[in-house]
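Here is the structure we will look at.
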Protein chains: 2
Amino acid sequence: MTTASLYMVDNCLLARISKKRFLEKANFNISGDFSSISDCILAMEKNQADVILIDSDLLDTNVYKEIELLKRINPKVKIIITSSFLNDFNPSNALCDGVSAYVLKEKEVIDYKEIIENVVHGEFHMDIETATEVFDNTTAEKEENFKNIPEKDNFESSLTQRELEVLKLMIDGKTNSQIAQEIIISTNTAKAHVGNILTKLSVTDRVQAVVKAVRANIFEEKCF
Amino acid sequence: MTTASLYMVDNCLLARISKKRFLEKANFNISGDFSSISDCILAMEKNQADVILIDSDLLDTNVYKEIELLKRINPKVKIIITSSFLNDFNPSNALCDGVSAYVLKEKEVIDYKEIIENVVHGEFHMDIETATEVFDNTTAEKEENFKNIPEKDNFESSLTQRELEVLKLMIDGKTNSQIAQEIIISTNTAKAHVGNILTKLSVTDRVQAVVKAVRANIFEEKCF
DNA sequence: TATGATAATAGACTTTCGGCTAAAATGATA
DNA sequence: TATCATTTTAGCCGAAAGTCTATTATCATA
C-alpha cells in the first residue's frame, strides 16, 4: 500500500467522513480533511501532504489560483480533482498547472484507490468522456494577478468517533435510550451527542440528519 | 407507448411504490400491484394483465408453480422475473414454462422500459451474466405435484396519494405541524397520516420510515 | 506542571411525537 | 341508494426528542 500522506478537501462534511472511512479501509493515510482549499493551504504550510484530493463543483479561476498556491508550497504534491460538472474545467489551468487527475463524478463508482496509486507513481489520469470533451474547448485565459483567498463560508467541524457511532445507531432507527443502552451511556448523554451531531450537520432534528447521512452513503462500502 | 396492462409483484411495499411511480412516468399502465404472487393470481382470475413483473429473491419450486398457474389463467401473459440471486434459478422451470425475461438485479440501473417493450413484442430477455451462468448448471428437476400456495405473510396495504405526499414531506425533514401547514390540514390530521404510514411501512417511528423510503429510492427518477 | 482545547458525560426543562379512540366529510363504485 | 375507502378532525397521555447549562475526562502543548 501507499504510505503517501493524503489531504482531502470537500465542503460537504458527510462526504469527507464517507470518503475518509472508505480510503482508510483501503489503508490510505489521511493526514487531514478540510472544508475549503484555504484551510488546506494553511495546513500545508505546516505539514506537507503528498497527495491532495479536491472535490469542487465550481472550478473557477480562484480554485486554480489556490491550487497554484498549493503547488508552490510543495511543487511535488499531486492534485486530484473530482467534480460533478465539466462547465468550468479549463485544461490550460488544470493540466498545465499540475493537476494529476481530473475525475468527473457520475453514476458509476469512482475507483479512488487505483487513481491515487497511479497518480503517486507519476501518471496522469482523466476520464475518457472528460478528456474528449475537454480537448475541444481550449479557451486559455491565463490571469497572473492573484485574488484574495475566499473565507470559509460555513464551518463544519468534523464528527468525533463517538458521534459517528451514535449517528450510525440513529440511522438504524434507534431511539436515544436505545442508543444509550447499546453503547452504555445515560440517555442524557446520548441526547447530548445527538444534539451535537444535529448542530454539526446543520440540521434541526434527527430525521434530517439520517436522511443526509443515508444520502451521503456514509457507513457504506462504496464511495460514490 | 405500450398500452399493455401490467401487474407487479414485490413483497416490499416501498419497492412497489417506487417502481410504480417510475413506470407510470414512462406511460406504462400499472393495473395492479401485489405483495405476493398468490394475490396476483386472485386478481388475474378477475382481470387479466398482459405483463406481470415479479420480483422474488427466492425462486423455489413454489414460485414456478404459481407462475404456471398464472400462465394457465392467461397463456399469453408475459412474465418478467427480477431477482437478486442466481441460486435457485432453474432454466428448465423458467425458460420452458414461459418466463419471458429474467433480470438479475445488480448495481446497475435496470431499463424496465426496454425490457417490457421487448417482451411485449414477443422477445425473450436475459442478462448476459445470467445467461452464461445459467446454461451450465441445468439441473432439471420437474415435479408435477402441486404444493399449497403459501399464505401472504405480512400484509402491507399500499400508501394512499395523501400518504405519499406526507411521506415526501417527512423525508424533507418537516415536522407534523410543518406538514400540516404545507398541505393545509390540521396538525392532528398530519399526525394521523404519519401514524398510518408508520403502520403500513411496519416501522415504529418517522426516522425508520424515512430511512426505508430513502433507501428504496422512492421519489427518485432512477429505479434501482 | 500548568493550561487550554476537545470530548464525553449528565440533569432540568419544554416541545414534539406516537398510540389510542372516535367520528365526520368526501368520493367512487356496485 | 348503499357501501366502502379515503381524508379529515380532535383530545388525551406517556414516551421521546431537543435545547440549555454544567461538570468531568482526556490529551496535547506551552
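Naming convention: chains lettered A, B, ... in sequence-line order (proteins, then strands); numbering from 1 in each chain. The figures that follow rest on heavy atoms only: side chains count, while hydrogens, waters and symmetry mates do not. Here the structure is a predicted model, which means the values were calculated and not measured.
- The nearest whole Å value for the distance from the CD atom in B:Gln181 to the C1' atom in D:dT9 is 17 Å.
- The minimum heavy-atom distance between B:Gly173 and A:Gln208, with the atom names listed, is O-NE2, 3.0 Å.
- To the nearest angstrom, P of D:dT9 lies 10 Å from CD1 of B:Ile184.
- Screening residues 171-184 of chain A for salt bridge (charged side-chain N to carboxylate O under 4.0 Å, His left out) gives A:Lys174-A:Glu182 as the qualifying pairs, with residues at least two apart or on separate chains.
- The side-chain contact (heavy atoms from CB on, under 4.5 Å) check on A:Ser186 picks up A:Asn188, A:Thr189, with sequence neighbours excluded.
- Panel note: side chain A:Lys212, backbone A:Leu201; a donor-acceptor pair is recorded below 3.5 Å.
- Projected onto DNA chain C by closest heavy-atom contact, A:Ser186 and B:Leu198 fall at different nucleotides, the more 5' of which corresponds to A:Ser186.
- Rounded to an integer number of Å, the gap from CD of B:Gln178 to P of D:dG18 is 13 Å.
- Base contact: A:Thr189 has a heavy atom under 4.0 Å from a base atom.
- Among the protein residues, B:Gln161 comes within range of the sugar-phosphate backbone only, with heavy atoms under 4.0 Å from sugar or phosphate atoms but none that close to a base.
- With A:Asp33 contributing its side chain and A:Ile17 its backbone, the two residues share no donor-acceptor pair below 3.5 Å.
- An OP1 or OP2 oxygen of C:dG11 is reached within less than 4.0 angstrom by a side-chain nitrogen or oxygen of A:Asn188.
- The phosphate of D:dT7 has neither OP1 nor OP2 within less than 4.0 Å of any side-chain N or O from B:His193.
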Would you list the protein and nucleotides 28-30 of chain D atom pairs, both N or O, that sit under 3.5 Å from each other?
none

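- B:Thr199 is linked by a side-chain contact (heavy atoms from CB on, under 4.5 Å) to nothing, counting only residues two or more places apart in sequence or in another chain.
- In the helix from C:dT1-D:dA30 to C:dA30-D:dT1, the terminal helix axes, each the rotation mapping four pairs' C1' atoms onto the next four within five end pairs, subtend 40°, rounded to 10°.
- Taking every heavy atom of both residues into account, A:Val51 and A:Val77 meet most closely at N-CG2, 4.3 Å.
- If you check the side chains of A:Asp55 and A:Thr82, you find a donor sitting under 3.5 Å from an acceptor.
- The pair B:Glu68-B:Lys71 does not count as a salt bridge, with every side-chain nitrogen at least 4.0 angstrom from each carboxylate oxygen.
- The interatomic distance linking A:Ile197 (CD1) with C:dA7 (P) rounds to 12 Å, in whole Å.
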Considering only nitrogen or oxygen atoms on both sides, find all protein atoms under 3.5 Å from nucleotides 15-17 of chain C and state each distance.
residue : atom : partner  : partner atom : Å
C:dC17  : OP1  : B:Asn176 : N            : 3.3

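- Nucleotide C:dA8 holds its P atom 6 Å from the CD atom of A:Glu163, rounded to whole Å.
- The distance from atom CG of A:Asn196 to atom P of D:dT21 is 14 Å, rounded to the nearest whole Å.
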